[in-house]
Amino acid sequence: MNPMDYVKKEPYKLYIGGEYVPSVSGKIQDCVSPADNEVFAQAYKGGVEDAEKAVKAAREAFDKGEWGRMAARDRSAILLKAGQIMERRAEEFAILESLECGYHYGSSRYYCVPMAVDSFNFFAGKARTLTGSVVPSDHGTLNYVTWNPIGVVAEILPWNGPYLMGCQKINAILAAGNTCVIKPPSWGVLALLQLAGVYEEAGLPAGVFNVVTGSGREVGAYLTKHPDVDMVAMTGGIETGREVIENSAERVKDIALELGGKSPNIFFEDVDVASAAKWAVWGFTNHSGQVCVSGTRVLVHKSIYEEFIEEMKKFSAEKIIAGDIFDMNTNLDPLISRSHAEHVWSYIEKGKEEGARLVCGGERYTDQVLMKGNFVPVTIFADVTRDMTIFQEE
């Protein structure tokens, strides 16, 4: 398998109003692999003018098009067909997500893709189960409750799993009869741009699904403020979530925010220590901790504390291996960018400076191949107190 066989040589285009189009500005962004920091593809970089065109297309498709008025079984059939197309194109999407977001190929191909396909099937089913209710009221009257599409939804996606999360959220939006404008993360545009072809082949009407790349500060903010956007959904950090709330407040838009957190795993004295320590390590090394539910704090009963630490250290050394993300013998992903990796290194230094006990890791790789990428070895600190930065911050 040559991953580059699945990558276009020409820049990937935006998808607006049922057509693949270059950005209005003509600007192009490089797509860089976190595994070696090499440019492997290019894509058009959108801006406000592109976002405006996309919102207009989505608005027209909702107000004048058939999607929101279509029988539920017909919407369901299109989503089911799209899922079948996705399954057929599994290799392409797995490789694009691995190359651009640093996912190990095994995770992309055998977890992300099947879960993405499942989202098409699941929401195809949900499309047919949207019901209402009739509630008796005073004086013999009846209250009718019905569920209806909200309109145009702007979906702002995160860099730590744009393909899988995108499929799950977009299919939910579409199943309910809405139209959408998707803003991929700057680090992770390709799979979402290619997703347009899946929906197009399945028969989704033009304008229902639109994808505009670009920065969150420019394109994302524009979408959250736009008067023709009825709802904003965003997955990301707390600061960005606050901005979405502020930008949506003037028109009191519906919003759905999935924000990050510093997730703990808690282990009591009655656990099988070796097994629990293994899963604790998997809990914070999955995609190198770049998951909003990563157990980056491990809280352990004092009676098994030292034994637990030693088992974690042993398992990390023996089983967590960095290297080529297409090698099935490796399993530690690179971080999404060089700047993000340096940010993580700064936290490791804070841990040392503030007096935490370094159990393992904490030093940069010296292997030339790994040094080219954004790899950070498994790093475990013990004796961390609540006031330390690494305990408090994500």
Side-chain angles (χ1 to χ4, degrees), residues 13-25 27 44-70 75 78-79 123 127 130 146-158 162 165-166 169-186 189 192-193 195-196 199-200 204-236 240-258:
K13 293 181 179 179
L14 314 183
Y15 189 76
I16 300 174
E19 296 181 351
Y20 295 94
V21 294
S23 59
V24 172
S25 68
K27 290 181 179 178
Y44 282 96
K45 184 176 183 178
V48 166
E49 292 174 290
D50 304 291
E52 176 62 33
K53 289 169 61 180
V55 172
K56 184 178 179 180
R59 183 83 265 164
E60 186 169 341
F62 183 78
D63 292 343
K64 301 177 182 179
E66 58 181 315
W67 185 249
R69 300 171 179 82
M70 188 180 290
R75 283 204 304 271
I78 289 174
L79 290 178
F123 286 107
L130 295 174
T146 61
W147 293 96
N148 302 285
I150 196 167
V152 177
V153 180
E155 177 68 57
I156 300 171
L157 290 163
M165 230 177 295
K169 294 175 183 297
I170 293 163
N171 287 325
I173 292 166
L174 297 179
N178 301 296
T179 62
C180 60
V181 179
I182 308 303
K183 211 296 281 184
S186 297
V189 303
L192 291 165
L193 291 172
L195 187 57
Y199 289 123
E200 184 178 62
L204 194 72
V208 173
F209 174 81
N210 306 271
V211 187
V212 178
T213 63
S215 74
R217 293 286 179 190
E218 185 180 5
V219 175
Y222 186 78
L223 290 173
T224 59
K225 296 176 182 177
H226 201 292
D228 281 338
V229 171
D230 300 297
M231 179 177 179
V232 178
M234 191 279 291
T235 302
T240 306
R242 288 195 182 101
E243 292 177 16
V244 171
I245 293 171
E246 292 171 4
N247 292 344
S248 303
E250 183 179 349
R251 296 182 180 273
V252 199
K253 295 181 182 182
D254 284 327
I255 56 175
L257 302 178
E258 182 182 347

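Hydrogens, waters and symmetry mates are skipped; everything else that's a heavy atom, side chains included, is used. In what follows, residues are counted from 1 in the order of the sequence shown.
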K.L.:
For a quick test of reading the model, state the closest non-hydrogen atom pair linking Gly17 to Ala206 and the distance between them.
P.N.:
O-CB, 3.7 Å
K.L.:
Find the distance between CZ (Phe209) and CG (Leu195) and round it off to the nearest 0.5 Å.
P.N.:
4.5 Å
K.L.:
If you look at every heavy atom in Val208 and Ala61, which pair is closest and at what distance?
P.N.:
N-CB, 3.9 Å
K.L.:
For the pair Glu250 and Lys225, evaluate salt bridge (Lys or Arg N to Asp or Glu O under 4.0 Å) and give the outcome as yes or no after the intermediate values.
P.N.:
CA-CA 8 Å; Glu250 183 179 349; Lys225 296 176 182 177; over 6 Å; no
K.L.:
Do Pro185 and Pro158 come within less than 4.5 Å of each other through their side chains, counting heavy atoms only?
P.N.:
no
K.L.:
Within the distance-only criterion (no hydrogens, no angle test), does the side chain of Ser248 pair as donor or acceptor with the backbone N or O of Ile245 below 3.5 angstrom?
P.N.:
no
K.L.:
Side chain to side chain contact (heavy atoms under 4.5 Å, CB included), that's the test. Do Asp50 and Val219 meet it? Break it down for me.
P.N.:
CA-CA 9 Å; Asp50 304 291; Val219 175; over 6 Å; no
K.L.:
To the nearest 0.5 Å, tell me how far Lys183 NZ sits from Asn210 CG.
P.N.:
15.0 Å
K.L.:
Using 0.5 Å steps for rounding, measure from the CZ atom of Phe62 to the CG atom of Asn178.
P.N.:
6.5 Å
K.L.:
Taking atom types as modelled, is there a side-chain donor on Asn247 or Tyr222 under 3.5 Å from an acceptor on the other?
P.N.:
no
K.L.:
Quick one: closest heavy-atom pair of Ala127 and Ala175, and the distance?
P.N.:
CB-O, 3.7 Å
K.L.:
Less than 4.5 Å apart, any side-chain heavy atom of Met234 and any of Thr240?
P.N.:
yes
K.L.:
Please check if the side chain of Asp63 supplies one atom and the backbone of Glu60 the other of a donor-acceptor pair under 3.5 Å.
P.N.:
no
K.L.:
I'd like to know whether Val232 forms a side chain to side chain contact (heavy atoms under 4.5 Å, CB included) with Leu223, so could you lay out the CA-CA distance, the side-chain angles of the two residues, the decisive distance to 0.1 Å, and finally the verdict.
P.N.:
CA-CA 8 Å; Val232 178; Leu223 290 173; over 6 Å; no
K.L.:
Could you report the tightest heavy-atom contact between Ala57 and Ile16, atom names first, then the distance?
P.N.:
CB-CG2, 4.3 Å
K.L.:
Is a side-chain donor or acceptor of Arg75 paired with a backbone partner of Met70 at a separation under 3.5 angstrom?
P.N.:
yes
K.L.:
Scan for side chain to side chain donor-acceptor pair (under 3.5 Å) pairs involving residues 14-25, sequence neighbours excluded, and state none if there are none.
P.N.:
Tyr15-Glu200
K.L.:
May I ask you to decide if Val152's main-chain N or O and Asp230's side chain share a donor-acceptor pair within less than 3.5 Å?
P.N.:
yes
K.L.:
Name all residues meeting the salt bridge (Lys or Arg N to Asp or Glu O under 4.0 Å) criterion together with Glu243; count only those two or more places apart in sequence or in a different chain, and write none if there are none.
P.N.:
Arg217
K.L.:
Rounded to the nearest 0.5 Å, what's the gap from CE on Met231 to NZ on Lys253? Could you check?
P.N.:
11.5 Å
K.L.:
To the nearest 0.5 Å, tell me how far Leu174 CG sits from Leu204 CG.
P.N.:
6.0 Å
K.L.:
For the residue pair Glu66 and Pro205, establish whether any side-chain heavy-atom pair is separated by less than 4.5 Å.
P.N.:
yes
K.L.:
Do any N or O atoms from the side chain of Thr213 and from the backbone of Gly46 form a donor-acceptor pair under 3.5 angstrom?
P.N.:
yes
K.L.:
Quick one: are Glu155 and Ile173 in side-chain contact, heavy atoms under 4.5 Å?
P.N.:
yes
K.L.:
Check whether any side-chain heavy atom of Arg59 lies under 4.5 Å from a side-chain heavy atom of Lys64, and answer yes or no.
P.N.:
no
K.L.:
Can you give me the closest heavy-atom contact between Ile156 and Gly220, atom names plus distance?
P.N.:
CD1-O, 4.0 Å
K.L.:
Would you compute the distance between atom CD1 of Ile170 and atom CD1 of Ile182 and round it to the nearest 0.5 angstrom?
P.N.:
4.0 Å
K.L.:
Walk me through whether Val153 and Thr179 qualify under side chain to side chain contact (heavy atoms under 4.5 Å, CB included).
P.N.:
CA-CA 6 Å; Val153 180; Thr179 62; over 6 Å; no
K.L.:
Step through the shown structure and confirm whether more than 12 heavy atoms of other residues, nucleotides or ligands are within 6.0 Å of NZ on Lys45.
P.N.:
no
K.L.:
Test Asn171 against Tyr199 for side chain to side chain contact (heavy atoms under 4.5 Å, CB included), laying out the working first.
P.N.:
CA-CA 10 Å; Asn171 287 325; Tyr199 289 123; 2.7 Å; yes
K.L.:
Might you point out which heavy atoms bring Leu157 and Leu192 nearest each other, and give the distance in Å?
P.N.:
CD1-CD1, 3.6 Å
